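Computed from heavy atoms alone, side chains included, the values below leave out hydrogens, waters and symmetry copies. Every chain is numbered from 1, with letters handed out A, B, ... down the list of sequences. Fair warning: this is a prediction, and the values are worked out from it, not measured in the lab.
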2 protein chains.
Amino acid sequence: MKTQQTAEGVARPAGRPRSEKADRSIIEATLELLGEGIGVSELSIESIAGRAGVGKTTIYRRWSNKEDLVVDALATLKPPIPLPQGGTVRDDLVTYLRVIQEESRHHRTRCIMNIAMSDSERHPRLAERFRELTMEPRRAVVAAVLRRGMETGELRADLDVDMALALLSGAMIWYTKWSHSGDPQADIPERIVDEALKGFRPRTSTPEP
Amino acid sequence: MKTQQTAEGVARPAGRPRSEKADRSIIEATLELLGEGIGVSELSIESIAGRAGVGKTTIYRRWSNKEDLVVDALATLKPPIPLPQGGTVRDDLVTYLRVIQEESRHHRTRCIMNIAMSDSERHPRLAERFRELTMEPRRAVVAAVLRRGMETGELRADLDVDMALALLSGAMIWYTKWSHSGDPQADIPERIVDEALKGFRPRTSTPEP
DNA sequence: AGATTATGAAACGAACCCGTTGCGTATCGG
DNA sequence: CCGATACGCAACGGGTTCGTTTCATAATCT
């Protein structure tokens with residue numbers, strides 16, 4: 001096996017190197033198709049090859065099965081890193097939910113989300129990948145905001161962070177999924193946060209600063 | 001066109017009548033397959049016919065396309081009508097979420113839910129049918145509970161019922177979807193309700209009766 | 001009996017998609 | 001130049017599903 005050291009010291013096998021352009025166009029074609037609503041099971045290697053302007057051989061040489069390809073494709077999705085980190089906890093939460101709401105307007109985002117939610121049973125690796133790449137970073141960001149609020153006293157000191165996260169994110173998902181007839185509803189993030197902060201019970205005195 | 005009046009006064013065309021047994025087995029086979037995780041797009045008429053022990057002709061004679069069949073199949077799903085209507089609002093809400101949680105343990109329910117959430121883009125008629133058959137009745141039940149609480153003073157008089165519903169249901173869905181590694185988490189309904197009732201902000205005095 | 005319609009089974013041609021192979025060409029190292 | 005590998009393309013045999021048609025049989029009404 002003949003190899004050679006490049007200037008950066010990376011071993012390279014003999015022969016024509018693989019085209020990075022082909023790599024990118026395959027991944028991009030995959031994401032495009034998924035973003036158009038094609039489910040993982042309906043996604044065909046042939047359609048990817050056609051969309052990418054690439055021979056099927058080129059795909060099979062890189063990935064042995066469809067799921068591996070989709071996993072790698074999802075891995076290239078960079079989360080827009082919604083880092084509010086500014087004013088009050090209330091404002092940071094609203095900002096965060098606004099990002100989620102804005103994302104949900106993009107057809108592509110909704111389709112990817114659908115894949116993550118529905119194919120989690122049949123494609124656990126996909127679900128896991130999506131979790132660690134998209135869900136977990138955001139969860140951490142919001143959790144940090146909540147914990148800051150618990151320290152400053154803006155939130156209850158005994159708040160259940162996980163549960164608060166579920167209430168906020170769940171409500172946002174609920175509205176993006178079942179908002180009837182696609183009405184804009186621009187103020188949903190504010191309303192979610194305010195309702196969650198206040199709680200459902202009446203309060204006699206308002207301890208807000 | 002020769003017809004005849006039956007005892008109930010229903011007009012009947014000449015010739016061999018359609019088999020109601022075939023009707024039922026086709027619908028049931030459809031629901032079985034969907035309940036096993038087969039998506040609407042992967043669902044094939046041939047597989048339904050095979051499962052139902054029926055010729056494809058018999059299916060095509062009744063439904064002109066797959067979506068119509070699935071719509072009719074979903075229409076036969078009776079919601080278990082979770083009607084708490086008993087003690088405090090808090091207990092009724094917990095009872096309701098417990099029903100949702102219990103349902104989400106059944107594989108069939110999860111699959112149907114996935115179809116309703118994911119195929120809503122490509123099959124709006126399916127989503128609409130599911131909405132009016134499953135979501136709406138439950139929404140009405142919980143809304144009634146919440147309104148009762150607003151009258152009795154157990155809940156804030158200015159509570160946003162829709163938003164409260166989104167927070168509760170959204171959080172429950174969130175946990176059923178992303179509960180890591182399938183841990184039981186039997187107390188989730190209580191925790192959701194209590195956290196939602198209390199709200200995130202600290203309170204100085206507790207106005208509960 | 002005779003007319004009429006439904007049923008299940010089988011087969012049809014067409015369309016996809018699978019994963020693989022062969023082909024001529026392109027791009028690398030030596 | 002030569003060996004090696006990758007490329008796009010076309011074709012392969014094999015599979016599934018489509019929607020339709022044909023056929024012998026079954027059920028119902030006149």
Side-chain angles (χ1 to χ4, degrees), chain A residues 1-30 32-34 36-70 72 122-123, chain B residues 1-30 33-34 36-70 122-123:
Chain A
M1 177 88 62
K2 305 173 184 177
T3 61
Q4 186 184 5
Q5 303 291 359
T6 70
E8 297 84 3
V10 179
R12 178 194 290 184
R16 176 177 175 175
R18 291 190 180 172
S19 162
E20 296 184 15
K21 181 178 165 189
D23 274 286
R24 283 192 302 269
S25 51
I26 292 170
I27 294 284
E28 182 51 33
T30 304
E32 275 183 25
L33 290 169
L34 290 179
E36 288 169 11
I38 309 287
V40 176
S41 50
E42 319 158 59
L43 191 64
S44 74
I45 301 289
E46 302 217 347
S47 67
I48 297 175
R51 177 70 66 106
V54 146
K56 282 196 293 179
T57 332
T58 307
I59 299 183
Y60 281 115
R61 191 176 293 116
R62 290 163 162 73
W63 294 276
S64 59
N65 63 68
K66 191 167 58 178
E67 191 173 65
D68 284 346
L69 168 55
V70 176
D72 280 2
R122 268 179 301 175
H123 303 281
Chain B
M1 178 85 64
K2 304 173 185 177
T3 62
Q4 185 186 5
Q5 302 292 4
T6 69
E8 297 84 3
V10 179
R12 175 194 293 183
R16 174 175 176 175
R18 291 193 179 170
S19 162
E20 296 183 16
K21 181 178 163 188
D23 274 285
R24 284 191 301 271
S25 51
I26 292 170
I27 294 284
E28 182 51 33
T30 304
L33 290 169
L34 290 179
E36 288 168 10
I38 310 288
V40 176
S41 50
E42 319 158 58
L43 191 64
S44 74
I45 301 290
E46 304 218 347
S47 67
I48 297 175
R51 176 72 64 109
V54 147
K56 281 196 294 180
T57 332
T58 307
I59 299 182
Y60 280 115
R61 191 176 292 116
R62 290 164 162 75
W63 293 278
S64 59
N65 62 68
K66 193 167 57 179
E67 191 174 64
D68 285 346
L69 168 54
V70 176
R122 268 181 300 176
H123 304 280

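- Rounding to whole angstrom units, CD1 of residue A:I48 and P of C:dG19 are separated by 11 Å.
- The separation between A:K56 atom NZ and D:dA6 atom C1' is 18 Å, rounded to whole Å.
- With rounding to whole Å, B:I59 atom CD1 is found 13 Å from D:dT17 atom C1'.
- One finds no side-chain N or O of B:T57 lying less than 4.0 angstrom from the OP1 or OP2 phosphate oxygen of C:dT7.
- Proximity of B:L69 to B:L43: side-chain heavy atoms (C-beta onward) are nowhere separated by under 4.5 Å.
- Of the residues near DNA chain D, A:E46 and B:R16, the one whose nearest nucleotide (by heavy atom distance) lies more toward the 5' end is A:E46.
- Atom CZ of B:R61 and atom C1' of C:dA9 are 13 Å apart (whole Å).
- Looking only at distances, no side-chain donor or acceptor of A:R51 sits under 3.5 Å from a matching main-chain atom of A:E32.
- Summarising the geometry, the separation between CD on A:E42 and C1' on C:dC18 is reported as 16 Å, rounded to the nearest angstrom.
- Among the protein residues, B:S19 comes within range of the sugar-phosphate backbone only, with heavy atoms under 4.0 Å from sugar or phosphate atoms but none that close to a base.
- With rounding to whole Å, A:W63 atom CH2 is found 16 Å from C:dT20 atom P.
- In this model, the phosphate group of C:dA6 is approached by a side-chain N or O of B:R18 to a distance below 4.0 Å at OP1 or OP2.
- Evaluation of the salt bridge (charged side-chain N to carboxylate O under 4.0 Å, His left out) test over residues 14-24 of chain A, restricted to residues two or more places apart or in two chains, returns A:D23-A:R62.
- Between the OH atom of B:Y60 and the P atom of C:dA10 there is a distance of 18 Å, rounded to whole Å.
- Checking side-chain atoms of A:K56 against main-chain N and O of A:I45 turns up no donor-acceptor pair under 3.5 Å.
- If you check C:dC28, D:dC18, C:dT7 against the side chain of B:A22, the one that comes closest is C:dT7.
- Between the CD1 atom of A:I45 and the P atom of C:dT20 there is a distance of 11 Å, given to the nearest Å.
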